[in-house]
Amino acid sequence: MPLHHLKCSLILATGLFLAGCQTSYLAPEVETQWQQQPAATPEFSELQNWLQHFSDPQLNQLVDKALAQNLDLQQSLARVRAAEQQAIISGATRLPAIDLNGSGQRQKLTTGNFSENYGTDLQLSWEVDLWGKLSDSAQAGKFELQAEQATLESARLSLAGQVAKAWFDLQTEQRLLQLFQERVSNLTRNLEIIESGYRQGINSALDLYLARSDLASEKSQLHNQSNARLQAIRTLEILLGQHPSGDPAIVAQLPTSIIAPASLPQDIPLAMVFQRHDLQASYSNLLAADREVAVAHKARYPGLRISAAGGDSSNQFGKLFDQSSLTWSVLGSITQPIFAGGSLKAQQQKKQFELQQKEQQFLQDVLIAYQEIYNGLDTEKILQQQLQELTAAEDFAEAAQSLSFEEYQQGLQDYTTVLESQRRAFAAQSEVINVRNTLLKNRINFYLATGSQY
């Protein structure tokens with residue numbers, strides 16, 4: 001080859017190599033957003049190990065059981081295992097592929113003799129990674145594995161939150177059931193007093209009918225509440241990965257009271273959201289998509305493949321590997337895509353558009369994560385105020401309920417006033433129970449929003 005031709009070839013190869021060097025296709029705002037990740041924040045260590053804040057050993061055991069048996073989590077674990085194997089597959093394309101074939105044949109001839117033939121063949125095929133295309137593909141596989149691993153950790157954290165919420169829901173349904181039982185018991189006693197007064201001519205028939213109607217209505221609500229508790233048990237059983245039998249034995253394990261965690265800190269660094277595993281998974285998927293764009297881009301460059309083969313054949317098995325009869329060949333080939341109907345360029349553009357879609361999704365996920373933190377803090381304030389007011393309303397309503405029935409027995413109030421005071425007392429008690437549950441679940445949502453570990 002003339003010297004000037006060699007120089008031109010070297011210049012061309014160098015230019016193609018530089019063009020094929022690893023380049024990121026990520027949008028600048030995405031990389032800037034991700035670089036906002038915080039350093040260690042020990043001042044917010046109280047947000048970590050949030051499961052312990054509830055001081056409920058039974059809840060801790062339930063979470064451990066769910067992490068070991070939950071079927072959705074087992075699916076996530078299987079996806080991680082599959083991604084591990086895919087990463088191996090993607091990395092293997094950079095290495096030579098070697099195949100060994102062997103054959104043997106024994107044939108009877110028309111002369112009555114036998115003909116034997118044995119052969120062996122060793123083939124090697126290797127695509128030289130000139131532009132880093134195979135390395136990009138291997139990196140994409142590693143990033144996909146990281147995404148699946150982060151998704152698994154996100155699923156674990158989410159499952160812990162779901163179990164805690166289901167546990168508190170069950171406690172709420174149990175307390176409401178007890179409240180209905182107390183109300184039915186109180187109404188039953190009221191009816192007995194009114195019936196006794198009716199027989200003595202003190203109370204009217206209207207009071208008797210109202211008392212019977214109110215008791216029948218509450219008994220109906222008691223059945224509904226029993227069913228609500230049963231469904232709460234089954235929801236928890238599904239999370240634990242066990243048959244949803246609605247076993248009421250779990251109710252016996254409920255604590256007598258819930259210890260609410262301390263109030264949430266108000267000055268939260270928003271960059272803490274980047275410790276969320278779901279955002280880490282989203283970003284790893286972005287990096288994988290970025291490498292896929294690079295692979296599609298470099299697929300348009302020339303490719304160099306080296307193949308080699310060696311083998312031997314003999315009519316005697318013992319002479320199969322005789323050096324005098326061994327054959328071998330080495331072949332190097334270069335391919336350059338010239339015309340493919342625009343499919344290679346379209347494939348690259350397709351990957352770029354898919355990357356852009358994932359970028360926008362990632363930025364949207366970050367905004368939603370910020371929103372969840374803001375909502376958690378604001379909701380905490382509102383629920384605390386609500387709980388304070390409702391607790392006061394509960395005390396007043398219970399006092400009014402007792403006073404109204406006493407005055408009714410003295411002939412100072414009619415029975416409709418008694419019914420209204422009882423309704424208000426029951427409503428206040430129910431609201432206090434529900435708001436406390438909402439407050440606890442909002443705490444869990446906030447811990448999840450900040451990516452705090454259980």
Side-chain angles (χ1 to χ4, degrees), residues 50-82 148 151-184 218-261 277-278 281 372 429-449 452-454:
W50 53 262
L51 200 59
Q52 308 303 322
H53 298 175
F54 297 101
S55 302
D56 187 347
Q58 182 63 28
L59 174 58
N60 297 338
Q61 295 176 13
L62 291 173
V63 170
D64 290 340
K65 186 175 183 180
L67 292 174
Q69 299 180 181
N70 180 267
L71 299 181
D72 286 335
L73 196 61
Q74 295 302 317
Q75 295 180 50
S76 297
L77 181 60
R79 284 192 291 268
V80 170
R81 298 291 179 259
E148 289 295 343
T151 299
L152 175 60
E153 292 306 313
S154 179
R156 290 180 187 274
L157 188 59
S158 175
L159 178 59
Q162 291 178 60
V163 171
K165 291 182 202 177
W167 183 238
F168 294 141
D169 280 340
L170 177 55
Q171 294 181 52
T172 297
E173 300 299 344
Q174 175 64 16
R175 284 172 170 77
L176 288 174
L177 179 61
Q178 292 172 347
L179 185 60
F180 273 104
Q181 290 171 339
E182 292 173 3
R183 180 157 168 76
V184 167
E218 289 307 313
K219 285 183 176 179
S220 173
Q221 294 298 323
L222 179 61
H223 294 312
N224 289 335
Q225 186 57 41
S226 296
N227 185 54
R229 187 192 67 167
L230 183 61
Q231 293 183 18
I233 294 174
R234 287 179 175 148
T235 297
L236 182 59
E237 288 174 326
I238 287 293
L239 291 173
L240 299 178
Q242 62 189 45
H243 184 74
S245 61
D247 185 4
I250 194 172
V251 178
Q253 305 170 7
L254 293 175
T256 56
S257 62
I258 301 174
I259 300 177
H277 294 295
D278 57 340
E372 290 174 350
Q429 292 168 333
S430 301
E431 288 178 353
V432 168
I433 293 174
N434 286 318
V435 168
R436 281 177 177 165
N437 184 43
T438 304
L439 178 61
L440 291 171
K441 292 165 71 173
N442 181 69
R443 292 282 181 87
I444 296 171
N445 289 335
F446 179 82
Y447 292 137
L448 298 179
S452 302
Q453 299 301 305
Y454 59 86

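All figures in this text were calculated on a predicted structure; none of them were measured in a lab.
In this structure, Glu237 and Ser245 approach most closely via the heavy-atom pair OE1-N, 3.0 Å. Taking both residues in full, the closest heavy atoms of Ala281 and Thr151 are given as CB-OG1, 3.4 Å, listed atom of the first, atom of the second, then distance. Pairing each heavy atom of Trp50 with each of Ser452, the nearest pair is NE1-O, 3.3 Å. The shortest non-hydrogen separation linking Leu159 to Ala66 is CD2-O, 3.5 Å. Here the shortest heavy-atom pairing between Leu67 and Arg156 reads CD2-O, 3.9 Å. Between Ile444 and Phe54, the shortest heavy-atom contact is CG1-CZ, 4.1 Å.
One distance of note links NE2 of His53 with CG of Leu440; it measures 13.5 Å at 0.5 Å rounding. Within the model, atoms CG of Leu170 and CG of Leu230 stand 10.0 Å from one another, a figure rounded to the nearest 0.5 Å. Expressed to the nearest 0.5 Å, how far CG of Asp278 lies from CG of Leu157 amounts to 9.0 Å.
Partners of Ser154 according to the side-chain hydrogen bond (donor to acceptor under 3.5 Å, both in side chains) rule, which considers only residues two or more places apart in sequence or in another chain, do not exist here. In this structure, Gln221 has no side-chain hydrogen bond (donor to acceptor under 3.5 Å, both in side chains) partners at least two apart in sequence or on a different chain. Partners of Phe446 by ring-ring contact (aromatic ring centres under 6.0 Å, His included), not counting sequence neighbours: none found.
Side chain of Asn70 to main chain of Gly241: no donor-acceptor pair is present (N/O by atom type, distance under 3.5 Å, no hydrogens or angles). Panel note: side chain Gln69, backbone Leu240; a donor-acceptor pair is recorded below 3.5 Å. Between the Asn434 side chain and the Ser430 main chain, a donor and an acceptor come within less than 3.5 Å of each other.
Applying the salt bridge (Lys or Arg N to Asp or Glu O under 4.0 Å) rule to pairs touching residues 159-173 yields Asp169-Lys441, sequence neighbours excluded. The side-chain hydrogen bond (donor to acceptor under 3.5 Å, both in side chains) pairs that include a residue from residues 227-236 are Gln174-Arg229, where partners are two or more places apart or lie in different chains. Residues in residues 58-68 take part in no salt bridge (Lys or Arg N to Asp or Glu O under 4.0 Å) pair, two or more places apart or across chains.
Side-chain atoms of Leu152 and Leu73, non-hydrogen and from C-beta on, do get closer than 4.5 Å to each other. Counting only heavy atoms from C-beta outward, the side chains of Leu179 and Glu182 approach each other to under 4.5 Å. Gln171 is not listed as a side-chain neighbour of Leu59, based on a closest heavy-atom distance of 4.5 Å or more. Residues Asn224 and Phe180 are not in side-chain contact: their nearest non-hydrogen atoms beyond the backbone lie 4.5 Å or more apart.
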| Verdict with reasoning, Ile250 to Trp167, per side-chain contact (heavy atoms from CB on, under 4.5 Å) | CA-CA 10 Å; Ile250 194 172; Trp167 183 238; 4.2 Å; yes

| task | Might you work through the side-chain contact (heavy atoms from CB on, under 4.5 Å) test for Gln453 and His277, ending with a clear yes or no? | result | CA-CA 10 Å; Gln453 299 301 305; His277 294 295; 3.3 Å; yes

| query | Stepwise, does the side-chain contact (heavy atoms from CB on, under 4.5 Å) test hold for Glu218 with Leu222? | reply | CA-CA 6 Å; Glu218 289 307 313; Leu222 179 61; over 6 Å; no

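With 3.5 Å as the limit, one finds no donor-acceptor pair spanning the side chains of Thr172 and Arg175.
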